[in-house]
Amino acid sequence: TTTSSAPAPAETSASSSAPAESSAPAESSAPAEGDIPMGDGTQTIYLVSKGFQHRFWQAVKQGAEQAGEEFNYKVEFVGPENEQAVTQQLDQLRTALQSQPAAIGFAALDSGAAGPVLEEIQAANIPIIAFDSGVDSDIPLTTVSTDNRAAAAEAAKNMAELIGNEGTVGLVCHDQTSATGKQRCEGFQEWMQENAPDVKLLEPQYAFEVGLAANTAKAIIQANPDIAGIYGSNEASAIGTLQGAVESGADVVVVGFDSGKAQLDAIRNGDMAGAITQSPVKMGYETVVAAIKAIDGQELPKVIDSGFAWYDATNIDDPEIAANLYE
Amino acid sequence: MSTVATNAAPAEQSRVQQFIRSSLQQLFVFAALIVVFVFFMIFAPNFSAGVVIPNILLQAAAIGTMALGATFVIGTGGIDLSVGTGMTFSAVMAGVFMSAEFMNLPLGLGLLLVLIVGAVMGLVNGLLIAYLHIPPFIATLAMMMVTRGLSLIISNASSIKIANPDYSAISNGRIIPFLSNAALIFVILGIIAAVILGKTLLGRYALAIGSNEEATRLSGINVKFWKALVYVTAGIFTAFGAILYSGRFGFVQPAEGLGMELQVIAAVVIGGTSLSGGRANIVGTMMGALLMMTLTVGLQMMGVAQQWQLVVTGIVVLLAVYADILRRQRASAV
Amino acid sequence: MSTVATNAAPAEQSRVQQFIRSSLQQLFVFAALIVVFVFFMIFAPNFSAGVVIPNILLQAAAIGTMALGATFVIGTGGIDLSVGTGMTFSAVMAGVFMSAEFMNLPLGLGLLLVLIVGAVMGLVNGLLIAYLHIPPFIATLAMMMVTRGLSLIISNASSIKIANPDYSAISNGRIIPFLSNAALIFVILGIIAAVILGKTLLGRYALAIGSNEEATRLSGINVKFWKALVYVTAGIFTAFGAILYSGRFGFVQPAEGLGMELQVIAAVVIGGTSLSGGRANIVGTMMGALLMMTLTVGLQMMGVAQQWQLVVTGIVVLLAVYADILRRQRASAV
Amino acid sequence: MTTLLELKNVSKTFPGVKALSNVHLDLNAGEVLGLCGENGAGKSTLMKILTGIYTPDPGAEIWLQGKKVEVRNTNHARDLGLSIIHQELNMVPDLTVAQNLFLGRPGSHRAGFVDDAKLNAQAADLFDRLGMRLNPKAYVRDLSVARQQMVEIARALSYDSRILVMDEPTAALTLAETDALFGMIRDFVTPETGLIYISHRMPEIEEITDRVSVLRDGQYIGTVVTKEVEMREIISMMVGREVSGDARPRTMPESDEVVLKVQGLNTKKLLRDVSFEVRKGEVLGFAGLMGAGRTEVARAVFGADPRTGGEIFLHGKKVPIRNAADAVRSGIGYLSEDRKQFGVLLDQDVKANTAMAAMKDFHIGGFILDGKIKTVGTEYSQKLRVKTPSVNQLLGKLSGGNQQKVVIAKWLVRNCDVLIFDEPTRGIDVGAKEEIYNLIEQLSTQGKAIIVISSELPEVLRVSHRIAVMAHGHITGFLDNADATQENIMELATVGKAQLKGNAA
Ligand SMILES: Nc1ncnc2c1ncn2[C@@H]1O[C@H](COP(=O)(O)OP(=O)(O)OP(=O)(O)O)[C@@H](O)[C@H]1O
Ligand SMILES: Nc1ncnc2c1ncn2[C@@H]1O[C@H](COP(=O)(O)OP(=O)(O)OP(=O)(O)O)[C@@H](O)[C@H]1O
Ligand SMILES: [Mg+2]
Ligand SMILES: [Mg+2]
């Protein structure tokens with residue numbers, strides 16, 4: 001088994017010291033070492049995320065609220081119904097603008113769509129921070145994100161090792177159209193194609209719910225009895241995939257993404273080989289911190305990496321990993 | 001004969017009177033809208049009418065326009081579940097026609113083609129329902145799947161950008177100060193829909209079919225034809241909705257639209273149109289769409305957690321419909 | 001007088017005969033199922049009956065169970081849009097009752113409470129619809145939003161794990177070799193539903209209400225009560241569905257369930273139950289659920305791209321319903 | 001005299017039913033042809049074939065003024081000058097009277113736009129011309145059945161057709177309205193036109209028709225000239241045997257025990273202080289003009305509509321009736337006048353409909369006793385001579401009259417103490433009518449308290465021991481059968497509003 005060795009592992013482990021002990025979060029991650037001014041409690045920082053109904057986003061929210069409490073800012077947090085609801089998200093962004101916050105954080109579902117609203121926000125002189133994934137625009141002052149493509153590549157790399165660099169591998173991706181969804185699928189495929197010529201990749205299937213993912217995984221397994229591994233690109237896909245594998249009784253290596261109680265248990269007891277975790281709490285925290293700095297007029301770096309890490313049964317309880325896992 | 005004379009109808013009412021009377025009938029959803037609005041003015045920070053009203057109008061325009069078409073369908077006693085994904089499909093086709101990467105057609109031609117796409121979609125629904133007698137729920141459910149699939153296939157599951165600034169101006173421009181064109185177009189389409197419903201054979205027959213299809217048939221009306229035409233009309237309104245929706249951000253997301261049909265139907269029903277057909281109300285539909293959007297915007301601005309927004313919206317929808325039912329019961333008991 | 005005498009109806013038909021005759025009526029969806037199945041046997045690699053049938057049964061069990069309840073609702077001429085999110089809500093409550101982090105109740109008590117949750121959900125729907133006269137579409141749409149919100153609130157938007165292996169065994173265990181318990185329970189519940197529909201007052205009155213509510217009321221039947229009871233029944237089936245669904249994974253995802261209502265309704269209608277009420281068919285519903293699931297599994301195994309799966313499923317649903325309509329027309333034209 | 005229309009060799013087969021076989025019919029110019037036959041004889045079916053709604057079995061011929069035609073659909077029929085008033089109401093409830101009147105009519109719009117003001121004016125003109133008092137702007141859903149029937153009649157007359165078919169147009173009408181209708185019919189018939197008139201009311205047939213054709217069991221029996229025969233003879237052609245009818249009830253109630261007592265009944269819309277009693281074994285008739293409020297009394301007593309005042313006593317005990325279930329539980333049965341809307345489950349079978357009101361007797365612990373339902377259903381179908389291939393037939397496939405019998409059976413099975421029959425013989429043929437009268441009589445001798453609401457005065461006189469007459473929501477008087485005549489009933493039924501107010505004050 002491997003431990004984290006992603007393209008940016010050093011920062012990852014460093015940065016993942018997390019807001020928990022956030023007495024000194026600034027030193028841990030922010031390349032720009034400004035100090036963080038306290039707010040007066042009246043100003044609001046508004047985060048428009050990609051969702052609200054999954055634990056991942058709740059963890060982001062939690063991090064954001066932590067930072068808000070610490071520095072005396074109010075934090076509002078919204079997200080659309082699902083990861084296809086781009087226009088709903090943009091409406092939420094505009095409504096956020098109308099409530100006149102001091103700063104806005106924005107996790108764009110579609111990197112190209114937000115232009116007009118971002119211009120409005122800029123015109124209203126409200127600083128905007130991108131998080132989770134980037135935006136095709138110069139307007140956000142910085143982007144706090146995970147490199148999803150690299151993270152997916154890390155998953156692929158581990159998968160390849162686990163199956164001995166050969167065999168058939170299936171993908172159950174969680175979303176077909178969003179940038180994150182695509183990157184998590186493509187990053188995995190690209191790494192395999194470049195580095196594991198003996199691995200046969202199946203056409204990716206899409207399933208955003210546990211039940212769908214389980215059924216999909218079973219169909220993949222039945223159609224390909226020689227299957228060696230399946231990758232699930234978020235919590236629901238990964239858990240569903242695992243269930244599908246269990247129900248089929250097939251010996252399949254399942255590699256996942258994100259965390260959550262069921263996934264953690266599965267990894268602990270070895271049913272799932274391992275998964276990639278991002279640092280959602282930290283991502284929320286850093287986004288708010290960056291916003292506060294922006295309100296203060298400080299310069300921000302172009303990108304703030306919130307990191308990711310591979311975890312499996314061997315390192316799941318390491319403090320720097322555990323801090324980024326949520327149940 | 002009967003002595004309780006019905007007597008020659010009270011001298012011909014003027015149109016204005018008629019309109020006021022019928023507006024009074026719609027008062028209920030209007031009252032609900034006002035109540036909700038005032039509530040947010042008081043309790044939601046920064047919810048100021050000047051900024052929020054144009055915004056709500058802009059955001060409600062697309063769904064409201066789709067709801068106009070759905071009012072006809074529901075008036076016949078039918079239903080259109082494909083309105084959300086059909087909207088997306090029309091928008092994807094707008095992208096195909098007008099974006100630089102695809103056909104890059106001139107605006108006028110592009111728009112015309114989008115409307116034709118909407119009409120064809122409606123026609124397919126209409127043929128399935130009127131001529132093959134497939135229940136509307138099933139026919140449009142199938143169309144929902146098919147249009148969603150096609151959107152993803154055609155767009156290759158990528159969002160499409162329509163860079164043409166004129167396209168964007170259809171929604172975002174302001175011919176009238178303070179009112180986005182989307183809102184203006186919504187209102188104009190609303191007036192057109194009201195005229196079609198109240199003053200044309202199409203509207204008359206739609207409601208007749210919804211009220212008693214067999215009697216309508218026996219009156220010598222080609223029920224199949226008019227029913228199909230109702231779905232075509234709804235398809236055209238859906239295409240208008242697609243233009244307003246995608247024009248706002250100059251951009252189309254091919255996987256959107258699922259679930260939107262429920263919002264559309266809710267707007268229609270809150271507006272007083274009966275799901276069993278026969279009675280329909282265009283002004284009510286418009287108010288219904290605005291009410292839903294006001295709730296969305298207001299609750300967000302109040303900072304209500306989103307889980308709770310769902311609960312609150314559900315309850316407000318219930319209250320609005322229930323109050324309307326109570327009012328009608330009282331009215332008919334007098 | 002009459003020559004076509006009423007006369008002692010052709011000697012009392014045996015139950016078996018009756019059953020065969022009514023099965024023949026359901027033949028159509030059954031035939032469609034066979035056709036689809038054989039198609040996949042030929043064209044989908046590794047689609048072998050031995051493996052796939054238990055699998056399809058397992059996967060269809062939850063939705064099929066929910067569809068059993070929905071058959072009653074649709075039989076009254078109503079609809080239940082809250083069945084998907086209501087299922088999730090029941091599952092979340094199962095998590096609350098039985099997972100270690102929450103109440104950690106013993107299995108029996110936990111299951112009972114889950115069924116009670118389903119019944120209460122149904123009761124709320126029933127009261128809104130039967131006693132407050134809110135149209136089923138709206139009442140259950142509101143419930144859809146409310147239950148979805150509550151699921152997220154109660155679970156704190158986290159998935160809940162129910163570690164109890166006995167809970168898992170409800171779905172995944174195999175009392176009968178080769179057949180998962182979920183499938184077995186589905187079949188048993190199907191038989192119970194068929195008995196309720198065909199042999200009890202509840203079923204009789206549900207269809208009477210769907211056929212002519214006013215006439216049923218004037219026959220001295222407490223329509224409100226029985227209608228509410230139909231929704232309660234549906235709620236209980238939904239809770240059973242929730243147990244089968246979440247039991248499969250020992251795991252509950254509170255954001256799931258949206259959109260499932262359409263699959264459920266599609267299964268019911270494909271099975272021959274009329275959306276306008278008055279006619280319902282339990283065996284048909286079960287076949288309908290299996291047909292939908294066979295399509296999903298088969299198309300995936302054939303390696304059809306998912307966009308195309310949507311299109312194909314839409315078209316097959318249309319064909320299935322249309323062929324059934326043709327058959328009925330022919331039957332009544334003879 | 002020229003032959004306007006000739007039907008030859010018409011047969012029609014429905015699944016399981018041969019509704020018509022080789023029927024012949026001819027209509028002369030300038031005449032009213034009566035079409036008689038028992039329930040299910042095939043009258044409506046024949047007329048539906050004539051007007052393009054059903055396609056006949058191959059071999060049928062329709063000759064219009066000497067030309068053979070094929071009627072393709074309703075519109076084509078109308079183009080050929082054929083129009084029909086159907087037995088069942090065919091109104092669109094959510095449209096207004098005027099909108100209904102001109103629905104689907106060429107020339108009712110300009111380039112697809114409709115002008116309601118113009119339609120209203122035209123409708124008002126038409127009503128004036130026909131002497132009907134109807135508000136063109138009223139919604140049809142708010143009209144009573146009788147008024148809807150008037151709209152249907154107006155619509156059919158306004159088509160200026162050459163041949164008009166009226167399928168039981170007076171089923172919902174009272175005598176006065178029937179007279180008015182006959183006036184319209186006489187105006188309609190000119191040397192160029194002809195009218196086919198279907199009714200189960202023999203006096204009407206006698207009064208309005210020139211010739212009568214008779215069908216029995218889908219067979220053509222013959223045609224007679226009305227003036228040359230006694231109605232008895234037509235009836236025996238219809239039923240194939242003699243039917244005699246007493247004019248008055250043959251039994252008298254024996255008990256003084258009051259079963260149902262209604263006191264001070266008021267409703268929001270119409271009823272004012274309606275009080276009456278029905279004794280054990282008594283048949284109380286309700287007479288009155290259209291809209292007098294008889295149905296409203298029945299519905300209020302039965303709990304189908306809300307009361308604003310008034311008390312109901314059963315066997316001397318006050319019963320709180322708030323809805324139909326309460327009423328049925330306390331032993332009241334109500335047979336509605338609007339069968340299609342309130343009486344039957346069209347897509348359920350005969351036996352299920354028969355058992356519907358008495359399900360308490362047909363289940364054990366919620367489980368239904370299908371065998372018992374079938375036995376009882378068969379028993380009552382035979383008793384009432386319901387014409388159906390079996391008790392498993394869907395009710396929607398029975399003729400109107402046979403549906404009515406099933407509804408009656410439903411209440412007989414329930415075995416209530418109080419039975420309210422609202423227009424019990426509407427659409428029922430003479431033979432069956434007499435059977436129903438006998439049934440009512442039997443029930444009264446069994447000690448039931450019975451209310452019969454009827455718009456046919458002979459019927460009221462035939463069955464009632466006492467008669468309550470209503471006008472404008474008031475009971476204007478009670479008459480013992482012995483004292484009652486058509487004349488003194490009409491007198492009470494036409495008491496003016498002003499007089500009533502005077503009384504009340
Ligand atoms: N659509 C149908 N399907 C099956 N049978 C039918 C249908 N319509 C009529 N019938 C049958 O055809 C026969 C003739 O019916 P029809 O309605 O013409 O009788 P009718 O003479 O008009 O009787 P009534 O006086 O009761 O109206 C009846 O036995 C009836 O059950
Ligand atoms: N002039 C009218 N126009 C419209 N509706 C009327 C009129 N007069 C009475 N009605 C309605 O018709 C009904 C009249 O009462 P009801 O039906 O009890 O009369 P009825 O004596 O049974 O007469 P019938 O059943 O023959 O119409 C009431 O509901 C009343 O509102
Ligand atoms: Mg008839
Ligand atoms: Mg009456």
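Chain letters run A, B, ... following the sequence lines, proteins first, then strands; residues in each count from 1.
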Item to check | Value rounded to 0.5 Å, distance of CD in C/Q307 from CG in B/N156 | outcome: 7.5 Å
Checklist entry - What's the shortest heavy-atom distance between C/G314 and B/V146, and which atoms? => result CA-CG2, 4.1 Å
Item to check | Options C/V312, C/V316, C/I134, C/L141, ranked by heavy-atom pairs under 4.5 Å with chain B, top entry | outcome: C/I134
Checklist entry - Using non-hydrogen atoms only, which part of B/I270 is less than 4.5 Å away from chain C: side chain, backbone, both, or neither? => result neither
Item to check | Atom pair CG/CD1 of C/L310 and B/I153 - distance to nearest 0.5 Å | outcome: 8.0 Å
Checklist outcome for this item: Note: vs chain C, highest number of non-hydrogen pairs under 4.5 angstrom among B/L152, B/V317, B/L132, B/V269 is B/L132
Checklist entry - So, for B/V321 and C/P135, which heavy atoms are closest and what is the spacing to 0.1 Å? => result CG1-CD, 3.9 Å
Checklist outcome for this item: C/L318 and B/A142 have their tightest heavy-atom pair at CG-CB, 3.4 Å
Checklist outcome for this item: From the list B/I315, B/L258, B/I265, the residue making the most non-hydrogen contacts under 4.5 Å with chain C is B/I265
Checklist entry - Relative to chain B, which segment of C/M143 carries a heavy atom at a distance below 4.5 Å: side chain, backbone, both, or neither? => result neither
Item to check | Close side-chain approach of C/Y322 and B/I138, heavy atoms under 4.5 Å | outcome: no
Checklist entry - Quick one: CE on C/M145 to OG1 on B/T313, what's the gap to the nearest 0.5 Å? => result 6.5 Å
Next on the checklist: Need one label for C/I325: side chain, backbone, both or neither, based on atoms under 4.5 Å from any heavy atom in chain B.
Outcome noted: side chain
Item to check | Residue part contacting chain C, namely of B/L275, when any heavy atom lies under 4.5 Å | outcome: side chain
